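Residue numbers begin at 1 in each chain, while the letters A, B, ... track the order of the sequences. These numbers were taken from a predicted model, which means no experiment stands behind them.
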There are 2 protein chains.
Amino acid sequence: MSAQKASAQLNAMQSRIRDLLARADKPLSAYDVIDGLRDHGRVAPPTVYRALQKLIDEGLAHRLETRNAYVVCRDGGHVCGHRHRAGFMICRTCGRTLEFGDEEIERLLGGAAARSGFVAERVAIEIQGLCATCASLPDANGA
Amino acid sequence: MSAQKASAQLNAMQSRIRDLLARADKPLSAYDVIDGLRDHGRVAPPTVYRALQKLIDEGLAHRLETRNAYVVCRDGGHVCGHRHRAGFMICRTCGRTLEFGDEEIERLLGGAAARSGFVAERVAIEIQGLCATCASLPDANGA
DNA sequence: TTGACGGATGTTATAATATATCGGTAGCCT
DNA sequence: AGGCTACCGATATATTATAACATCCGTCAA
């Protein structure tokens with residue numbers, strides 16, 4: 001399948017971590033990943049961090065800066081492998097994270113940067129709040 | 001003076017840290033702050049983290065999520081004390097950080113969130129790249 | 001006055017996140 | 001084969017952050 005093409009470049013560790021992130025419905029910290037791989041024997045932090053970096057470089061995963069956590073890249077719910085900028089909406093209650101890309105936001109941010117002569121290389125947009133489901137539950141708000 | 005009103009609520013530790021951040025021309029990590037206060041005797045991490053949180057709550061400082069670092073809030077180059085959302089442009093070479101607020105970006109982000117029923121509470125926008133000065137130096141780019 | 005309470009601050013210890021550095025292994029060129 | 005390089009993994013340690021508990025200080029009722 002063509003969807004598997006990008007993963008052909010991944011080694012066993014990288015594939016396992018990508019699968020683990022894909023199965024999770026929430027962002028995983030690097031140490032969550034280490035725990036999730038414990039049935040393959042002990043894995044040391046640098047191994048995981050390097051694999052995560054590889055996945056990020058390949059556009060297969062993203063790092064959430066506000067959470068120190070990692071998610072598989074999903075574009076409209078599908079795992080995707082092309083490098084792109086993205087924003088995230090992260091629910092503070094259930095942790096589920098929605099990825100979005102907004103051309104217009106990108107354009108405006110580029111404009112804001114250009115006005116001061118700043119050369120943008122990496123853009124992080126992360127919105128914390130309540131997802132639609134958690135917002136409808138009474139105890140997520142005040143209580 | 002009205003500009004001093006907000007700082008009237010700060011205790012000695014909080015004021016010292018705010019001044020330290022204001023004097024720095026780059027974001028400081030919490031441990032940079034601890035080092036910067038060493039002439040006042042040893043200060044423990046929780047003391048600094050609590051003071052930083054207070055400054056953030058008062059709108060006098062911001063946390064840079066992509067750097068694990070803190071800056072005094074500047075609005076157009078002036079220290080300001082009103083609570084507001086802000087974006088940052090962080091130079092990867094010199095570390096200097098420009099704060100910007102863009103109403104339109106805020107509005108678009110709100111729209112992106114609302115489309116999926118997400119209730120936005122906190123928005124982090126951080127652009128990494130090269131500031132105008134560093135971009136003009138040849139060795140900042142490729143070499 | 002005084003002592004019970006509560007909030008802010010300080011201290012000790014430790015948790016959570018991340019990386020420097022070194023050694024091994026496999027491809028690859030000559 | 002020998003040696004070079006690039007990747008890979010392990011040990012150790014650095015960096016960032018917080019939990020848990022102690023202390024101080026102001027308030028207020030008796």
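Listed pair B:Ser29 / D:dT16 meets the phosphate criterion, a side-chain N or O lying under 4.0 Å from OP1 or OP2. Within the 4.0 Å cut-off from OP1 or OP2 of D:dT15, not a single side-chain nitrogen or oxygen of B:Arg67 is found. Residue B:Asn11 places at least one side-chain N or O under 4.0 Å from the OP1 or OP2 atom of C:dT9. Distances shorter than 4.0 Å separate some side-chain N or O of A:Asn68 from OP1 or OP2 on C:dA18. For A:Tyr70 and C:dA18, the shortest distance from a side-chain N or O to OP1 or OP2 is below 4.0 Å. Within the structure, every side-chain polar atom (N or O) of B:Thr47 is placed at least 4.0 Å from both OP1 and OP2 of C:dT11.
Distance from the side chain of A:Gln14 is smallest to D:dC8 among D:dC8, C:dT11, C:dT17. Side-chain atoms of B:Tyr49 lie closest to D:dT18 of the nucleotides C:dT12, D:dT11, D:dT18. Side-chain proximity of B:Arg50 to the nucleotides D:dA10, C:dG10, C:dT17 is greatest for C:dG10. The listed nucleotides are D:dA17, D:dT11, C:dT11; the one nearest the side chain of B:Pro46 is C:dT11.
A donor-acceptor pair under 3.5 Å is absent between the side-chain atoms of B:Gln128 and the main chain of A:Arg122, judged by distance alone. Of the possible donor and acceptor atoms, none in the side chain of A:Glu126 sits under 3.5 Å from a partner among the backbone N and O of A:Ile90. Of the possible polar contacts, one joining the A:Arg38 side chain to the A:Asp35 backbone as a donor-acceptor pair under 3.5 Å is found. A donor-acceptor pair under 3.5 Å links the side-chain atoms of B:Asp32 to the main chain of B:Ser29, judged by distance alone.
Between B:Arg18 and B:Glu58 no salt bridge is recorded (no basic side-chain N to carboxylate O distance below 4.0 Å).
If you measure from atom NZ of A:Lys54 to atom C1' of D:dC8, you get 12 Å, rounded to the nearest angstrom. A:Leu37 places its CG atom 16 Å from the C1' atom of D:dA10, with the value rounded to the nearest Å. Here C:dT9 presents its P atom at 13 Å from CG of B:Leu52, a figure rounded to the nearest Å. Atom pair B:Ile34:CD1 and C:dT12:P shows a separation of 14 Å (rounding to whole Å applied). Rounded to a whole Å, the CZ atom of A:Arg42 is 7 Å from the P atom of D:dA10. Put simply, CD on B:Gln53 is 17 Å from P on D:dT16, counting in whole angstrom units. A straight line from CG of B:Leu55 to P of C:dT9 spans 11 Å, rounded to a whole angstrom. Going from atom CZ of B:Arg16 over to atom C1' of C:dG10 covers 13 Å, rounded to whole Å.
Between B:Met13 and B:Pro45, the one whose closest nucleotide on DNA chain C sits nearer the 5' end is B:Met13.
Under the side chain to side chain contact (heavy atoms under 4.5 Å, CB included) rule, B:Phe88 has a single partner from B:Glu99, B:Arg67, B:Glu65, which is B:Glu99.
Checked by distance alone, B:Tyr31 brings no side-chain donor or acceptor within 3.5 Å of a matching partner on the base of D:dA14.
Nucleic acid contact class of A:Arg63 (heavy atoms, under 4.0 Å, all strands): sugar-phosphate only.
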